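Only one structure is covered here, and it is reproduced in the block below.
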Amino acid sequence: MLDLNLIRADADAVKAAVRNRQMAELDPVVDEVLALDARRRELLKEVETLKADRNAASKAISRLKDAAEREARIAEQKGLGDLIAGLDDRLRGIDEALQAQLNTLPNLPDPRTPIGQSEDDNVLLRAVGTPRQFDFDPQPHWDLGPRLGLIDFERGAKLTGSRFYVLTGAGARLQRALIAWMLDLHTRGQGYTEVYTPFLVRENILYGAGQLPKFRENLYHDAEEDLWLVPTAEVPITGLHKDEILEPGALPKRYTGYTPCFRREKMAAGRDVRGIKRGHQFDKVEMYVFCRPEQSDDALERMREHAEATCAGLGLPYRVKQLCTADLGFSARMTYDLEVWAPGCGEWLEVSSVSNCGDFQARRANIRFRRETGARPEFVHTLNGSGLGLPRILIAVLENYQQADGTVVVPEVLRPWMGGLDRLEPEA
RNA sequence: GGAGGGAUGGCCGAGUGGCUUAAGGCGGUUGUCUUGAAAACAACUGUGGGGGCAACCUCACCGGGGGUUCGAAUCCCUCUCCCUCCGCCA
């Protein structure tokens, strides 16, 4: 959520920002917000004056000893309550309308975020590692996986439907190894605290992270208990400190967590149906930071380095992109994407998205801190980044480490979690 | 699933319609005293909104929402969460 004071102070800057995001249709929303805000304050003054009168009158009545006079004064006050209640209702209506409009506005891009028309205008910052040269035709993972007995698409579809798959044997273990290795990397060397969160959350937790109301149709919802399956660990981790005022010295707080992620992918229906690149359920290890406003620029760079270290540790060629205004997520003000090369399917796969959300999520989730004991609370800044998305990193490992004989070499760093196994071969 | 008991400020805890400006204690900050510290004493010590150049004024908030009333922490309805016991369960 944007700061209402900011919109009041510089509505034109907000309009320019939404236009840069290619969301010009939100232009009128800014004016609507200003109009509602003005009406709200007008009405607020009126109703608060009445309330102050009522409070004074009630207090005076309580001091009266004479019964007749009391009755007379009480009779005078009759009707005032209904009048106030009526105005309160109108005020609530305006407030809700204001909130609803405010909720549709995305975060303002950082001035350093390049302005662009579409994802084609994302800026390639650099490429690290050289894609391996093959002296044979590298296979895509949807051929490699089933052949080596690692991925079973048919049974995934039987169990649940399209876009679901089963990992078996060394395939399942390889994913588990990746999760364990990544979590250890983040907690040991990079200073994150591991968290294991619920995978089902309340509606207001999704709202805090900026997923609701905008992305409702892409989420799974349990009607019975009115709970939502998390689309990313970013959601429950943002919610960890919802409605808290963090004490001086508590920041920065850094978390890493593994969760499955559930997405209906309605918006991407028909895209990437082949393989395990885009499923309704996938696993991810997430990094997350709560920090002071002045720390978030630096925190973003560090988190990007942490994500890069994960790609590099696996020996995968990757490239770093900075997203342009058109491709930036709703809550983000600046984002780096990491893509690894998958030689089998012949494309760069987005395995990490590292974003600085500024105070946008903190405002929605009401997460604040004090600089010093007794100081006024201020909103924290939040950052999130994948470290990394599992199915895509699994694809990259299988396709990059495949050999001419159809086997796959296990990356060095994962072997301790694979029981020393150094090569994936078809089961005899 | 069944039966009961709870939710009050940073924490503990009083408060059954107006004398509450939420008692009292703990914690915290500042001051006095002290070479310093402790102790003692004193003052201050929640969040958000609106108005004002400011000192300041004002409204709301006692788990959430709704209601009764001139007036609600207190009465009514409803929801959520926590605790105890029983049953079931990985």
Side-chain angles (χ1 to χ4, degrees), chain A residues 1-9 33-103 196-208 212 221-228 236 239-251 253 260 359-380:
Chain A
M1 184 166 64
L2 294 177
D3 184 0
L4 186 53
N5 287 318
L6 188 87
I7 301 176
R8 270 186 215 152
V33 163
L34 289 173
L36 285 167
D37 176 50
R39 277 177 63 203
R40 176 179 163 275
R41 279 186 291 171
E42 198 180 327
L43 201 54
L44 193 62
K45 248 197 282 191
E46 192 180 344
V47 71
E48 286 193 351
T49 307
L50 289 174
K51 282 182 180 176
D53 290 349
R54 180 181 68 181
N55 288 346
S58 291
K59 186 159 288 186
I61 288 170
S62 74
R63 283 194 290 260
L64 289 175
K65 297 283 180 269
D66 184 81
E69 200 181 345
R70 248 179 113 97
E71 286 310 312
R73 295 296 298 277
I74 286 172
E76 278 174 28
Q77 292 303 118
K78 275 208 198 290
L80 184 59
D82 288 343
L83 181 61
I84 290 173
L87 289 174
D88 264 341
D89 280 348
R90 275 177 58 196
L91 192 59
R92 193 177 314 123
I94 290 171
D95 244 336
E96 280 166 9
L98 179 60
Q99 282 303 317
Q101 295 295 308
L102 221 40
N103 282 341
Y196 169 86
T197 67
F199 304 154
L200 287 160
V201 296
R202 301 168 183 282
E203 177 157 335
N204 64 8
I205 299 299
L206 279 153
Y207 170 81
L212 284 176
H221 176 240
D222 167 50
E224 190 87 15
E225 307 289 341
D226 192 20
L227 292 172
W228 302 73
L240 279 180
H241 294 296
K242 181 176 161 59
D243 293 324
E244 291 184 20
I245 300 175
L246 300 166
E247 291 307 313
L251 297 176
K253 279 187 173 290
D359 64 4
F360 189 83
Q361 289 178 321
R363 209 174 278 284
R364 288 170 82 104
N366 190 30
I367 305 167
R368 294 170 295 168
F369 75 103
R370 285 186 217 276
R371 290 183 184 276
E372 313 187 2
T373 308
R376 290 195 82 72
E378 298 173 47
F379 289 110
V380 302

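When reading the values below, keep in mind they use all heavy atoms of this one structure, side chains included, and skip hydrogens, waters and symmetry mates. In what follows, every chain begins at residue 1, and chains take the letters A, B, ... in the order their sequences are listed. Predicted, not measured: the structure shown is a model, and the values here were computed from it.
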**OP:** Look through every strand shown and name the nucleotide pairing with B:U47 as Watson-Crick or G-U wobble, where both distances are under 3.5 Å.
**Re:** B:A60
**OP:** State which residues pass side-chain contact (heavy atoms from CB on, under 4.5 Å) with A:R90; sequence neighbours excluded, sorted by chain then number.
**Re:** A:L43, A:L87
**OP:** Tell me the partner of B:U69, counting only Watson-Crick (N1-N3 plus N6-O4 or O6-N4) or G-U wobble (N1-O2 and O6-N3) with both under 3.5 Å; none if nothing fits.
**Re:** none
Original post:
Taking the same atom, C1', in B:U21 and in B:A73, what whole-Å distance lies between them?
Top reply: 15 Å
**OP:** Using a strict 4.0 Å threshold on nitrogen-to-oxygen distance, state whether A:D89 and A:R92 make a salt bridge.
**Re:** yes
**OP:** Could you tell me whether A:R73 and A:E76 make a salt bridge, using a distance below 4.0 angstrom between a side-chain N and a carboxylate O?
**Re:** yes
**OP:** Quote, to the nearest angstrom, the C1' distance that separates B:C11 from B:U45.
**Re:** 14 Å
Original post:
When you look at CZ of A:R39, are more than 12 heavy atoms from neighbouring residues, nucleotides or ligands closer to it than 6.0 Å?
Top reply: no
Subject >> Identified pairing partner of B:C19, criterion: Watson-Crick or G-U wobble below 3.5 Å >> reply: none
**OP:** Could you give the distance separating B:U74 and B:G25 at their P atoms, to the nearest angstrom?
**Re:** 26 Å
Subject >> A:R54 side-chain N/O to A:G81 backbone N/O, donor-acceptor pair under 3.5 Å >> reply: no
Subject >> B:U68 to B:C75 separation - C1' atoms, rounded to the nearest Å >> reply: 8 Å
Original post:
Taking protein heavy atoms under 4.0 Å as touching, what does nucleotides 45-58 of chain B look like 5' to 3' if B marks base contact, S marks sugar-phosphate-only contact and - marks none?
Top reply: --SSBSS------S
Subject >> Assigned partner base of B:A3, Watson-Crick or wobble definition, under 3.5 Å >> reply: B:U84
Original post:
Given the C1' atoms of B:G13 and B:U8, what is the spacing between them in whole Å?
Top reply: 9 Å
Check nucleotides 18-22 of chain B for protein N or O atoms closer than 3.5 Å to its own N or O atoms and list the pairs.
| from | atom 1 | to | atom 2 | distance (Å) |
| --- | --- | --- | --- | --- |
| B:G18 | O6 | A:R70 | NH2 | 3.2 |
| B:G18 | N2 | A:S58 | O | 3.1 |

**OP:** Determine the interatomic distance between C1' on B:G66 and the same-named atom on B:A14; round to the nearest Å.
**Re:** 28 Å
Original post:
When the P atoms of B:C44 and B:A23 are considered, how many whole Å apart are they?
Top reply: 12 Å
